[in-house]
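In what follows, a structure is listed as structure tokens, so that the remarks can point back to it.
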Amino acid sequence: METRVLNALLCPSCGLQLESDESGFRCIEHGLWLMYGERLLVHAPSEEYKLRDRFTMPWETPVRLA
Ligand SMILES: [Zn+2]
């Protein structure tokens with residue numbers, strides 16, 4: 001039985017109550033937030049951010065043959 005009481009989490013950006021999600025907590029305005037440790041919420045990277053900041057694996061580096 002779950003005895004831990006979860007306080008309502010509020011969006012750090014707008015203060016709206018976050019909806020619990022299978023992967024984190026969702027704000028209708030700001031999307032997904034992830035619980036990091038006991039108290040810290042971090043914004044999940046947006047799809048755009050993931051694309052822009054995607055690391056290229058060494059085996060994915062295009063090889064230029066001279
Ligand atoms: Zn928000």
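Owing to the predicted nature of the structure, the values given are computational and were not obtained by experimental measurement. Ligands are counted one by one from 1 in listed order, and the atoms in each one are counted from 1 as well. In what follows, every heavy atom counts, from backbone to side chain, and hydrogens, waters and symmetry copies are set aside.
Put simply, the side chain of Leu40 does not reach to within 4.5 Å of the side chain of Met35, judged on heavy atoms.
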Extract all donor-acceptor atom pairs below 3.5 Å that involve side chains of residues 22-32 and protein atoms in other chains or at least two apart in sequence.
unit_1: Ser23; atom_1: OG; unit_2: Asp21; atom_2: OD1; d: 3.1
unit_1: Arg26; atom_1: NE; unit_2: Asp21; atom_2: OD2; d: 3.1

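Applying the side-chain contact (heavy atoms from CB on, under 4.5 Å) test to Glu19 and every residue at least two apart in sequence or in another chain returns nothing.
Hydrophobic clustering (side-chain heavy atoms under 4.5 Å, transitive across Ile, Leu, Val, Met, Phe, Trp, Tyr) groups Tyr36 together with Leu34.
Annotation: protein N, O or S atoms under 2.8 Å of the Zn ion (ligand 1) (waters excluded) comprise Cys11 SG, Cys14 SG, Cys27 SG, His30 ND1.
Distance check: Leu10 CG to Leu16 CG gives 8.5 Å after rounding to the nearest 0.5 Å.
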